[in-house]
Participant: 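Below are the structure tokens for one structure; questions will follow.
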Amino acid sequence: MDVESALNLGFDPPKRTLTIGVTGHREGNPVFSANRDAIEREVAGLLASIQQRVASVSPAGCARLATNLANGCDLSAARIATELKIEVLAPLPFGADLNLALNTLNADWPEVERIALGHQPQEADERRNWASLKEAIAKAKCFELADQDAALKEYLTRLAGSNASRKLQLEFESLIGKRTKLASRITVEQSDVLLAIWDGSSPSAVGGTRDTMAEALAADVPVLWLDARAPERLKWLDDIGDLAVAGERNECADSAAMADLVCAHIEADWKEVARADEQLNAAAWQSNSQRRFHAYRRVERLFDGEGKPFTSVKQTYETPKAAAAGEEQTMIGKIRGLLEPDPASANALANQVVARFAAADGISTRLSDAYRGGMVANFLLSAAAIIGGVAYLPLFGPDGKWPFAALELTLLLAIVAITLAGIRGQWHQRWFQTRRAAEYLRHAPIMAAIGCARPRGDWPSSPDIRWPELYAREVIKGVGIPELKVTQSYLKRHLEETLRPFFMSQRDYHKSKAKRLARVHANLDRVSQALFVLAIISVSAYLLTKLAATFGVLDASILDAMSKPTTFLGVAFPTLGAAIAGIRYFGDFERFAGISEVTASKLERLIRRSDLLLQSQEKDVSYQDFVDLVRKMDDFVIDEIASWQSIFGTKKISIPV
């Protein structure tokens with residue numbers, strides 16, 4: 001190892017956050033109004049208990065609240081969290097002014113329109129309610145979905161007029177429901193557990209309490225149900241089926257016991273994440289690939305058909321520090337520009353996510369070289385051992401065999417040494433694990449900049465090694481959501497500057513990779529077939545010579561002279577051909593080319609969708625269209641990882657026999 005290029009990565013531990021999402025009845029619900037004081041006492045006790053338990057689980061841990069800040073249970077929980085010094089994340093369905101207007105109690109349509117334009121309410125009671133909500137918004141980290149505010153304000157103008165119809169109001173309420181559901185989805189994605197304050201019977205509008213509970217359970221986010229009719233009754237729901245029979249379940253717990261259950265839910269995950277971070281921190285960084293592990297890369301270069309078989313295959317890995325710094329034209333540089341209103345989130349994405357991606361990517365690439373280069377070396381050494389062992393035949397008699405036998409033994413021992421090093425160093429397993437972590441983190445800043453994350457239940461599951469998924473989720477979740485106002489211009493700028501270029505770079509990479517690997521497969525196939533044909537020719541030449549000598553056509557001395565060389569070639573050609581075929585089988589270049597072709601075609605579709613969104617009128621598209629594009633990209637990454645693992649999952653480093 002180049003000592004000068006080695007460094008300890010020195011990451012701070014990932015921010016340990018236990019995020020409690022909150023959903024509940026709005027102001028005016030009779031059950032909530034009747035039991036407000038008891039509900040608030042129970043919520044305060046629960047949040048304080050969770051905060052205390054989190055600190056005991058991890059000194060670096062913290063509790064965090066995520067809520068849409070609707071007027072009612074959401075707002076009450078946010079106030080309590082603020083008093084407890086718990087950070088509040090607030091995905092708002094609308095811009096802050098419109099959110100204030102629509103949540104101000106008892107305001108009629110003309111007054112709602114006035115408030116949405118930035119004016120204070122005229123009535124004292126409304127003004128007090130408005131001021132309370134405004135204070136909560138000011139203290140929270142708000143992600144404002146303001147991209148449809150103009151359309152909603154047009155509705156308000158019409159509703160405030162004298163000709164407002166019931167149909168118009170229903171259209172407006174439908175749009176409000178869709179916006180609320182979008183914000184609730186963000187809350188669920190950010191949450192480890194959802195606290196739902198619900199009376200157990202009230203039906204839910206789109207984006208309402210029961211609807212959010214169902215979405216959380218479908219995403220494998222457990223729901224802590226606080227029964228609004230009897231606030232001391234806390235129930236744990238962890239399956240979508242539980243919601244159908246929630247009111248019939250008798251098992252309840254107090255706030256302290258429930259806090260223990262919530263923390264137990266994440267404690268094991270945090271321990272595994274801590275171990276993973278220690279391992280990454282302990283890894284000695286190398287800025288360049290090592291020549292002794294270049295066998296796989298050299299085979300690719302020799303057989304890729306690009307006419308540069310002996311050019312350097314040395315890889316240079318970007319250091320985590322350099323990746324986090326990023327130039328203006330890089331992805332993180334563009335995201336810094338997008339998140340200019342919230343530099344803290346931009347810095348967290350750079351220093352926590354991008355730096356860890358670079359670390360995992362560099363370590364994974366090095367392990368990949370070791371594992372795949374080791375196996376290719378084993379195949380070649382195996383062939384060399386056999387060929388070297390019989391190479392004395394055309395040159396010496398039996399007395400001259402021993403140097404060749406010594407060479408064969410040396411090569412066989414080298415194979416054993418490489419295999420043992422790979423097994424002890426866990427090259428195969430560690431490559432898989434660090435590659436998964438790297439791919440999850442690669443595009444995470446793009447997702448975070450648009451306020452979306454992969455919810456708990458949508459992460460791939462593994463029966464044995466879970467740390468890559470847990471680690472990536474914890475690192476991403478630690479950043480949270482950015483504090484900014486999402487407008488149509490922001491969405492299009494995000495798409496044009498980061499998302500679409502990412503699609504294009506990945507498409508071009510996979511297209512090039514598919515073509516290159518297809519050529520490698522075809523050329524390896526041709527070479528192994530040619531060696532097999534040469535083996536047939538060498539054996540046939542001996543047999544024809546024997547036949548000719550038998551019938552006196554050739555002198556017997558010619559047969560004697562050809563015997564040992566043809567025997568040697570009859571062994572060497574098929575042995576080398578088998579090694580080449582083994583490398584082709586091990587590398588699975590054709591299937592990897594197929595995976596890249598499929599991925600490139602999927603990305604091509606996303607690029608076309610991106611172009612349509614960029615060309616569209618603002619009134620025709622919303623946050624939903626853009627975030628769907630990002631989530632589809634994330635799904636493609638997960639699918640590609642699954643395909644890649646299905647090929648190399650069972651191909652552990654071994655002796656090629």
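Quick note: numbers below take in every heavy atom, side chains included, and nothing from hydrogens, waters or symmetry partners.
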Participant: Got a second to check how far F357's CZ is from M331's CE, nearest 0.5 Å?
Facilitator: 7.5 Å
Participant: Nearest heavy-atom pair of A323 and A358: which atoms, and what distance?
Facilitator: CB-CB, 3.5 Å
Participant: Are the side chains of L495 and F626 in touch, meaning some heavy atoms are under 4.5 Å apart?
Facilitator: yes
Participant: So, taking the atom named CD in Q506 and the one named NZ in K511, what distance separates them when rounded to the nearest 0.5 Å?
Facilitator: 13.5 Å
Participant: With a 3.5 Å cut-off and no angle check, do the side chains of R430 and T434 form a donor-acceptor pair?
Facilitator: no
Participant: Quick one: does K492's side chain get under 4.5 Å of S616's, heavy atoms only?
Facilitator: yes
Participant: Does S382 use its side chain to pair, donor to acceptor, with the backbone of N378 at less than 3.5 Å?
Facilitator: no
Participant: Consider side-chain contact (heavy atoms from CB on, under 4.5 Å). Of R519, H521, K513, which one does L517 pass it with?
Facilitator: K513
Participant: What do you reckon, is CD of E306 surrounded by more than 12 foreign heavy atoms closer than 6.0 Å?
Facilitator: yes
Participant: Should E496 and R500 count as an ion pair when the cut-off is N to O under 4.0 Å?
Facilitator: no
Participant: Strictly under 6.0 Å, is that where the ring centroids of Y296 and F589 end up?
Facilitator: yes
Participant: Got a sec, which residues hit ring-ring contact (aromatic ring centres under 6.0 Å, His included) with Y509, two or more places apart in sequence or on another chain?
Facilitator: none
Participant: From R591 CZ over to E597 CD, what is the distance, rounded to the nearest 0.5 angstrom?
Facilitator: 14.5 Å
Participant: Quick check for you: to the nearest 0.5 Å, what is the distance between I580 atom CD1 and I583 atom CD1?
Facilitator: 5.0 Å
Participant: Among R456, R16, R473, exactly one meets salt bridge (Lys or Arg N to Asp or Glu O under 4.0 Å) together with D269. Which residue is that?
Facilitator: R456
Participant: The test is salt bridge (charged side-chain N to carboxylate O under 4.0 Å, His left out); show your working for E439 and R442 and say whether it passes.
Facilitator: CA-CA 5 Å; E439 294 308 314; R442 183 191 296 275; 2.8 Å; yes
Participant: Shortest non-hydrogen contact from I386 to V571?
Facilitator: CG2-CG1, 3.8 Å
Participant: Would you tabulate the side-chain donor-acceptor contacts of residues 627-636 under 3.5 Å, counting partners in other chains and residues two or more places apart, or write 'none'?
Facilitator:
residue, atom, partner, partner atom, Å
D628, OD1, Q624, NE2, 2.7
D628, OD2, Q624, NE2, 3.2
R631, NE, E189, OE2, 3.1
R631, NH2, E189, OE2, 2.8
D634, OD1, H443, NE2, 2.6
D634, OD2, R454, NH1, 2.6
D635, OD1, R454, NH1, 3.2
D635, OD1, R454, NH2, 3.4

Participant: Considering the options V353, V354, I446, T498, which one meets the side-chain contact (heavy atoms from CB on, under 4.5 Å) requirement together with I332?
Facilitator: V354
Participant: Quick one: does K546's side chain get under 4.5 Å of T550's, heavy atoms only?
Facilitator: yes
Participant: Can you find a heavy atom in the side chain of F532 that is under 4.5 Å from one in the side chain of F573?
Facilitator: no
Participant: Checking Q615 against D611 for the side chain to side chain donor-acceptor pair (under 3.5 Å) test, could you report, in this order, the C-alpha distance in whole Å, the side-chain angles of both residues, the deciding distance, and whether it holds?
Facilitator: CA-CA 6 Å; Q615 295 164 14; D611 292 338; 5.5 Å; no
Participant: Under 4.5 Å between any side-chain heavy atoms of F303 and V527, yes or no?
Facilitator: yes
Participant: Please round to the nearest 0.5 Å and tell me the distance separating atom OH of Y317 and atom OG1 of T365.
Facilitator: 5.5 Å
Participant: Would you say Q645 has more than 12 foreign heavy atoms packed within less than 6.0 Å of its CD?
Facilitator: yes
Participant: So, S368 and R435: side-chain donor and acceptor under 3.5 Å apart, yes or no?
Facilitator: no
Participant: Roughly how far apart are L547 CG and S540 OG, rounded to 0.5 Å?
Facilitator: 12.0 Å
Participant: If you define the side chain from C-beta out and look only at heavy atoms, does anything of Q315 sit under 4.5 Å from R297?
Facilitator: yes
Participant: How close do V188 and V221 get, counting heavy atoms only, and between which atoms?
Facilitator: O-CG2, 3.9 Å
Participant: Taking everything shown except F404 itself, do over 12 heavy atoms lie less than 6.0 Å from its CZ?
Facilitator: yes
Participant: Does D192 come within less than 4.0 Å of K477, counting only side-chain N to carboxylate O?
Facilitator: yes
Participant: Can you list every ring pair (Phe, Tyr, Trp, His ring centres under 6.0 Å) pair that touches residues 407-442, not counting sequence neighbours?
Facilitator: F293-W427, Y371-H428, Y371-W431, H428-F432, W431-W644, W431-F648, F432-W644, Y440-W459
Participant: Would you name the heavy atoms of R356 and Y471 that are closest together and state the gap between them?
Facilitator: NE-OH, 2.7 Å
Participant: Identify the heavy atoms of S289 and D369 that sit nearest to each other, and give their distance.
Facilitator: CB-OD2, 3.7 Å
Participant: Would you say that R526 contacts N523 through its side chain, given a criterion of any heavy-atom pair below 4.5 Å between the two side chains?
Facilitator: yes
Participant: So does K652 have more than 12 non-hydrogen atoms from other groups sitting under 6.0 Å from NZ?
Facilitator: no
Participant: Find out whether P460 and I638 are in side-chain contact, i.e. whether some heavy atom of one side chain is under 4.5 Å from a heavy atom of the other.
Facilitator: yes
Participant: Could you report the tightest heavy-atom contact between L381 and A414, atom names first, then the distance?
Facilitator: CD1-CB, 4.1 Å
